[in-house]
Protein chains: 2
Amino acid sequence: MDKVDCIFFQLSKAYQLGNRFLTQKVSELNLTSVQAMILGFLDQEDQVTSSELGKRAELDSATLTGILDRLEAAGFIERRGNPDDRRSIHIHLTKKGKTMAREAARVIAEANTDFLQILNENEKHDLLNIIEKLRHEITRS
Amino acid sequence: MDKVDCIFFQLSKAYQLGNRFLTQKVSELNLTSVQAMILGFLDQEDQVTSSELGKRAELDSATLTGILDRLEAAGFIERRGNPDDRRSIHIHLTKKGKTMAREAARVIAEANTDFLQILNENEKHDLLNIIEKLRHEITRS
DNA sequence: TGCAATTAACTTGTGTACGAGTATAACAGA
DNA sequence: TCTGTTATACTCGTACACAAGTTAATTGCA
C-alpha cells in the first residue's frame with residue numbers, strides 16, 4: 001500500500017486540500033464551502049426545486065436537505081410550496097440571500113483562480129480533462 | 001459559477017467517485033475505505049504510535065481516534081501503552097487484524113488497477129504528478 | 001377507473017473531516 | 001529545580017456523504 005501510487009489516497013488528499021482552501025476563503029462570509037457552492041448555483045437561477053438543485057449540484061437529497069436547513073436558518077433561502085407538484089418545493093433566494101449568493105460566486109471564482117495559479121495552462125487543462133474522463137467512464141452503480 | 005471549470009467542485013466529485021468505488025470494493029471485507037487504508041498502512045508496519053500512524057495516513061488525531069475505536073471494537077487492533085513515552089500508545093495488529101490487513105492491501109491494489117484502467121499511461125502519470133504538485137505547492141495553514 | 005410503480009422531500013443512523021479544547025506527560029531554559 | 005512550552009491522545013460539536021427507509025403525491029398502465 002504505497003500511498004504515493006494509490007489514486008484513492010491521492011484524490012482524497014487533493015480534495016481535502018482544495019476543500020480546506022475554499023473553506024478558508026469563504027469563511028469571511030461565514031459560509032462553508034458546500035453552502036457557498038449551493039448559493040453559487042442559486043445565483044445562476046433560483047426558484048428551482050430541491051431535486052433540480054440536487055441534480056445541478058450533484059448532491060444526494062439527504063445531504064441537500066441538511067444544507068438547505070442551514071441556509072434557511074441563516075435567512076438566505078426560503079422553501080415555498082410548488083402548486084404544480086405538491087410533492088416538491090421551490091427554493092427561493094431572499095434579498096439577503098441574493099446578495100450573499102453574488103458574493104459567494106465572486107469568492108469562489110477568486111479562490112479558483114488563486115488555487116489554479118500553481119499550475120500552468122497545460123496542467124490545468126489536463127487535470128480537468130482527466131477528472132472529466134474518470135467521471136464519465138466510471139460506472140456509477 | 002460554472003461547475004465544469006470549478007476545480008473545487010471537480011476535485012470533490014472526483015474524490016467521491018473514487019471513494020465510492022473503493023468503498024464498494026472493500027465492502028466484501030466489511031470495511032470502510034478509510035478503515036481499509038489504515039489497515040493497509042499497518043500491514044506495512046504495526047507497533048506504531050497513533051501520531052506516527054496519523055502522519056503516515058495524513059489524518060487528524062481527532063479523526064484517527066474514531067477510526068481506531070472502530071478497528072479495535074472489530075478486533076483488528078489493540079491499543080497498548082508505550083513505556084518509553086507514557087503520553088502515547090502503540091497500535092498493535094491482532095492475528096485477525098494481520099489477516100485482514102493483508103486482504104485490505106490486496107483489495108486496495110486491485111481496486112487501484114481497476115480504477116486507473118480507464119486512463120492511459122500518460123494520463124495516470126499526469127494526474128498523480130499534478131496532484132503532487134498541488135499538494136506540494138499549496139500552503140497548508 | 002383503479003392500482004402498482006415511481007418520484008419528491010425528508011428522516012435516521014453511521015462514518016469521516018476538522019476546529020477547538022482538555023488532561024497528562026515530556027522537555028527546555030533560567 | 002521550577003516553570004513555561006510543546007506533544008500525545010482524547011472529547012465535543014458541527015458539517016457533509018451516503019445507505020436505507022418513510023410519507024405523500026404523481027404517473028402509467030391494464
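Below, read A as the first sequence line, B as the second, and so on, with proteins coming before strands; counting in each chain starts at 1. Both backbone and side-chain heavy atoms feed into the values below; hydrogens, waters and symmetry mates do not.
- Atom CG of A:Asn19 and atom P of C:dA17 are 11 Å apart (whole Å).
- Mapping B:Asp69 and A:Glu58 onto DNA chain D by nearest heavy atom places B:Asp69 at the nucleotide closer to the 5' end.
- Using cut-offs of 30° and 60° for the angle between ring planes, the B:Phe115 and B:Phe21 rings count as perpendicular.
- Under the 4.5 Å side-chain criterion, counting only non-hydrogen atoms from C-beta, B:Arg102 is not in contact with B:Thr99.
- In this structure, A:Thr63 reaches the bases: a heavy-atom distance under 4.0 Å links it to at least one base atom across the strands shown.
- Side-chain atoms of B:Ser88 lie closest to D:dT8 of the nucleotides D:dC16, D:dC10, D:dT8.
- Counting any heavy atom pair closer than 4.0 Å across all strands shown, A:Thr49 reaches sugar-phosphate atoms only and no base atom.
- Look at CG on A:Leu22: it is 15 Å from C1' on C:dA17, rounded to the nearest Å.
- Atom P of nucleotide D:dA15 and atom CG of A:Leu39 are separated by 14 Å, given to the nearest angstrom.
- For C:dC10, the OP1/OP2 oxygens have a side-chain nitrogen or oxygen of A:Thr65 closer than 4.0 Å.
- With respect to A:Lys133 and B:Glu123, a salt bridge is recorded, a charged nitrogen being found less than 4.0 Å from a carboxylate O.
- Residue contacts shown for A:Ser51 are limited to sugar-phosphate atoms, with no base heavy atom under 4.0 Å away.
- A:Glu58 CD: more than 12 foreign heavy atoms inside a 6.0 Å radius.
- Between B:Leu68 atom CG and C:dA17 atom P there is a gap of 12 Å when expressed in whole angstrom units.
- Of the listed nucleotides (C:dA17, D:dC10, D:dT26), D:dC10 has the atom at the smallest distance from the side chain of B:Ser61.
- Considering only side-chain atoms of A:Val34, the nucleotide from D:dT26, D:dA17, C:dA20 that sits closest is D:dA17.
- Phosphate proximity of C:dA26 to B:Arg86: present, with a side-chain N or O under 4.0 Å from OP1 or OP2.
- Heavy-atom distances to DNA chain C give each of B:Gln35 and A:Ile89 a nearest nucleotide, and the one nearer the 5′ end belongs to A:Ile89.
- D:dA17 atom C1' lies 19 Å from atom CZ of B:Phe21, rounded to whole Å.
- Both A:Thr32 and B:Asp60 sit near DNA chain D, but only B:Asp60 has its closest nucleotide nearer the 5' end.
- OP1 or OP2 of C:dT16 sits under 4.0 Å from a side-chain N or O of B:Arg70.
- Cation-pi geometry between B:Lys13 and B:Phe9 is met: under 6.0 angstrom from the ring centre, within 45 degrees of the axis.
- In this structure, A:Tyr15 and A:His90 both approach DNA chain C, and ranking their closest nucleotides by distance from the 5' end singles out A:His90.
- Counting to the nearest Å, the C1' atom of C:dC27 and the CG atom of B:Asp85 are 11 Å from each other.
- Between the CD atom of B:Gln16 and the P atom of D:dA19 there is a distance of 11 Å, given to the nearest Å.
- In this structure, B:Leu11 places its CG atom 14 Å from P of D:dA17, rounding to the nearest Å.
- Taking every side-chain heavy atom of B:Arg87 into account, D:dT6 is the closest of C:dC18, D:dT6, D:dA15.
- At a threshold of 4.0 angstrom between heavy atoms, the contacts of A:Leu64 with the nucleic acid are absent.
- A heavy-atom distance below 4.5 Å is not found between the side chains of B:Met1 and A:Asp43.
- Residue A:Arg20 places at least one side-chain N or O under 4.0 Å from the OP1 or OP2 atom of C:dC18.
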